[in-house]
S.K.: 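I am attaching a structure below and will ask some questions about it afterwards.
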Protein chains: 2
Amino acid sequence: MEKLDNVIFYNLEKAVKSYRQFAQANCLKAGVEITIDQWLVLKTIGEYPDITQHQLAGRIFKDVASVTRMIELLVTKDLLFRKSHAEDRRRFTLTLSDKGRKVLELMRPISLSNRRQALEGVTETELQTVQQVLQKILHNVSKEVDEKTV
Amino acid sequence: MEKLDNVIFYNLEKAVKSYRQFAQANCLKAGVEITIDQWLVLKTIGEYPDITQHQLAGRIFKDVASVTRMIELLVTKDLLFRKSHAEDRRRFTLTLSDKGRKVLELMRPISLSNRRQALEGVTETELQTVQQVLQKILHNVSKEVDEKTV
DNA sequence: TTGTATTTATTGATACATCAATTATATTTG
DNA sequence: CAAATATAATTGATGTATCAATAAATACAA
C-alpha cells in the first residue's frame with residue numbers, strides 16, 4: 001500500500017538527483033573540473049559581486065556553514081579571491097579570478113544544453129504547472145507565521 | 001538574464017530541500033529521533049524483507065556506499081539487525097528490530113500528514129502533470145542506450 | 001556611551017553523496 | 001574442474017548538509 005513510486009516527493013528527489021548526475025557528468029565530459037554546487041557559488045558571485053555569504057547561502061538554498069567551506073575550496077582551487085570587506089569588517093569581498101571567470105564561460109553552453117536536453121518533450125504549459133505546484137509546496141512547508149498571536 | 005528563479009531545476013531542488021526540512025522538523029517535534037533517510041531505509045526493508053543492499057540503494061536512489069554506512073548506523077541504534085544471509089554469503093539479511101518497527105509505526109501518520117500539508121491546494125490534475133514531467137526528465141537524463149551499434 | 005542585541009562568519013560534530021579501489025563469494029564459460 | 005567474470009558489500013577520500021556553539025564586528029537602546 002502507498003507505493004513510493006506514487007509519492008510525489010520521492011519522484012521529485014529522484015528527478016533532482018538524476019538531473020544532477022547527468023549535469024555533473026556532462027561537465028566532466030567537457031573537461032570542467034568543478035562540481036555543480038561549486039559552479040552555483042561562482043555563478044551567483046558573478047551575478048551579485050557584493051553579496052554576503054549569508055545572502056549567497058540563501059540564494060542557492062544552502063547552509064551558511066556549507067558556503068563557508070565551499071568558498072574555502074574555491075579559494076584553494078584559485079577560482080575565487082576573498083579579502084576582508086572595506087566597509088564592514090565582519091564580511092568578506094568575494095571576487096572571481098580569471099580562472100573562475102573562464103570556468104563560468106565554459107559552463108554557460110553546457111548548462112544550457114543540459115537543461116534543453118533534460119526538458120525535451122516537456123511543453124511550456126506543463127512547465128508552468130510544475131512551477132505553480134512547486135510554489136504551492138514551498139508556501140505550504142515554509143514556517144507559517146505563528147498564529148498564536150491571539 | 002536567465003534568472004535562477006525561472007530555471008525549473010533550481011525550483012525543484014528548493015522545493016525538495018524545503019520539504020525535507022519540514023518533514024524532518026515534524027519528526028523531531030513528534031519525538032522520533034531518526035533522519036528521513038534512515039526512515040526510508042527502515043521502511044524499505046520493512047516492505048522488502050529479503051532485499052539486498054544493492055537493490056535497497058537503487059530503490060531509494062542512493063549510493064551503495066551510503067547504504068552500507070546508514071545500515072551500520074541503524075544497527076548501532078538498535079533499529080536493525082544484520083546477519084549473514086543463509087543462501088548467499090556475500091549478502092546480509094536485514095531485519096527490523098522491535099524498536100525499528102515501533103519507529104515505523106510512529107512515523108506513518110507523521111509522513112501522511114507531512115505530505116497532506118505540503119500538497120494543500122494542489123489539485124489531482126496538477127499532480128499528474130508534475131508526475132508526467134518528472135517521468136520525461138528522468139527519461140531524458142538517463143543514460144541513453146549507446147546508439148553507436150551501427 | 002556603555003551595555004545589549006543583531007549580524008557575519010567560522011568551527012566541530014554527525015550524517016549523507018559519490019567515486020574508485022578492494023575483498024569475498026557466486027556464476028559462467030572454456 | 002579451473003579460469004574468467006560478475007555480484008555483494010566495504011573502505012578511503014573528498015565534497016556537501018545541518019545543527020549548535022562560538023567569535024568578532026556592528027547597530028541600537030537606555
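Treat the numbers as computed from the prediction; the structure is a model and nothing was measured. Here is how names work: the chains are called A, B, and so on, in the same order as the sequence lines, proteins then strands, and each is numbered from 1.
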S.K.: Please check if the side chain of A/Glu105 supplies one atom and the backbone of A/Gly100 the other of a donor-acceptor pair under 3.5 Å.
M.R.: no
S.K.: Please report, rounded to the nearest Å, how far the P atom of C/dT7 is from the CG atom of A/Leu56.
M.R.: 18 Å
S.K.: What class does the angle between the rings of A/Tyr19 and B/Phe9 fall in, given that below 30° is parallel, 30 to 60° is tilted and above 60° is perpendicular?
M.R.: parallel
S.K.: If the helix axis at each end comes from five base pairs, how far does the helix from C/dT1-D/dA30 to C/dG30-D/dC1 deviate from straight, to 10°?
M.R.: 10°
S.K.: Tell me whether the OP1 or OP2 atom of D/dT11 has a side-chain N or O from B/Thr68 closer than 4.0 Å.
M.R.: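 The answer is no; no side-chain N or O of B/Thr68 sits under 4.0 Å from OP1 or OP2.
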S.K.: Donor-acceptor pair, distance only, cut-off 3.5 Å: does the side chain of A/Glu126 make one with the backbone of B/Thr129?
M.R.: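 No; zero donor-acceptor contacts below 3.5 Å.
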S.K.: Quick one: pull up CH2 in B/Trp39 and CG in B/Leu74 and give me the separation to the nearest 0.5 Å.
M.R.: 13.5 Å
S.K.: Looking only at the side chain of A/Arg90 (C-beta and beyond, no hydrogens), which of the listed nucleotides D/dA9, D/dT26, D/dT11 gets closest?
M.R.: D/dT26
S.K.: Measure from the side-chain heavy atoms of A/Arg82 and tell me the nearest of C/dT10, D/dT10, C/dT8.
M.R.: C/dT10
S.K.: From NE2 of B/His54 over to P of C/dA26, roughly how many Å is that when rounded to an integer?
M.R.: 17 Å
S.K.: If we ignore hydrogens and angles and just use 3.5 Å, is the side chain of A/Ser18 paired with the main-chain N or O of B/Leu138 as donor and acceptor?
M.R.: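 Not a single qualifying donor-acceptor pair exists.
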S.K.: Between C/dT25 and B/Arg89, counting only base atoms on the nucleotide and side-chain atoms on the residue, is there a donor-acceptor pair under 3.5 Å?
M.R.: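 No, the side chain and the base share no sub-3.5 Å donor-acceptor pair.
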S.K.: Return yes if some donor-acceptor pair links the side-chain N/O of A/Asn11 with the main-chain N/O of B/Gln131 below 3.5 Å, else return no.
M.R.: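 Not a single qualifying donor-acceptor pair exists.
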S.K.: Provide, to the nearest angstrom, the distance between the NE2 atom belonging to A/His85 and the C1' atom belonging to D/dA24.
M.R.: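 A/His85 atom NE2 is separated from D/dA24 atom C1' by 16 Å.
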S.K.: Closer than 3.5 angstrom, by distance alone: can the side chain of B/Lys83 be matched with the main-chain N or O of B/Thr95 as a donor-acceptor pair?
M.R.: no
S.K.: Might you list the N or O atoms of the protein lying below 3.5 Å from N or O atoms in nucleotides 14-21 of chain C, with each pair's distance?
M.R.:
{"unit_1": "C/dC16", "atom_1": "OP1", "unit_2": "B/Thr35", "atom_2": "OG1", "d": "2.7"}
{"unit_1": "C/dA17", "atom_1": "OP1", "unit_2": "A/Lys17", "atom_2": "NZ", "d": "3.1"}
{"unit_1": "C/dA17", "atom_1": "OP1", "unit_2": "B/Lys62", "atom_2": "NZ", "d": "2.7"}
{"unit_1": "C/dA17", "atom_1": "OP2", "unit_2": "B/Ser66", "atom_2": "OG", "d": "3.4"}
{"unit_1": "C/dT18", "atom_1": "O4", "unit_2": "B/Arg69", "atom_2": "NH1", "d": "3.0"}

S.K.: Any idea which of C/dA9, D/dT26, D/dT10 is nearest the A/Arg91 side chain?
M.R.: C/dA9
S.K.: Can you measure A/Gln53 atom CD to D/dA25 atom C1' for me and round it to whole angstrom units?
M.R.: 15 Å
S.K.: Is there a side-chain contact between B/Gln55 and the phosphate of D/dA8, meaning an N or O under 4.0 Å from OP1 or OP2?
M.R.: no
S.K.: Check this for me: A/Lys14, atom NZ, are more than 12 non-hydrogen atoms of other residues, nucleotides or ligands nearer than 6.0 Å?
M.R.: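 For A/Lys14, atom NZ is not crowded (no more than 12 foreign heavy atoms under 6.0 Å).
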S.K.: Output the rounded distance in Å from CD (A/Glu87) to P (D/dA24).
M.R.: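 Distance check: A/Glu87 CD to D/dA24 P gives 23 Å.
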S.K.: From CG of B/Asp88 over to P of D/dA9, roughly how many Å is that when rounded to an integer?
M.R.: 8 Å
S.K.: Donor-acceptor check, side chain of B/Arg91 to backbone of B/Asp50, threshold 3.5 angstrom: yes or no?
M.R.: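 Flag set: sc B/Arg91 to bb B/Asp50 pair under 3.5 Å.
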S.K.: What's the CZ-P distance between B/Phe92 and C/dA26, to the nearest Å?
M.R.: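 Checked: the CZ to P distance equals 12 Å.
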S.K.: To the nearest Å, give me how far apart CZ (B/Phe22) and C1' (D/dT18) are.
M.R.: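 These atoms are roughly 18 Å apart.
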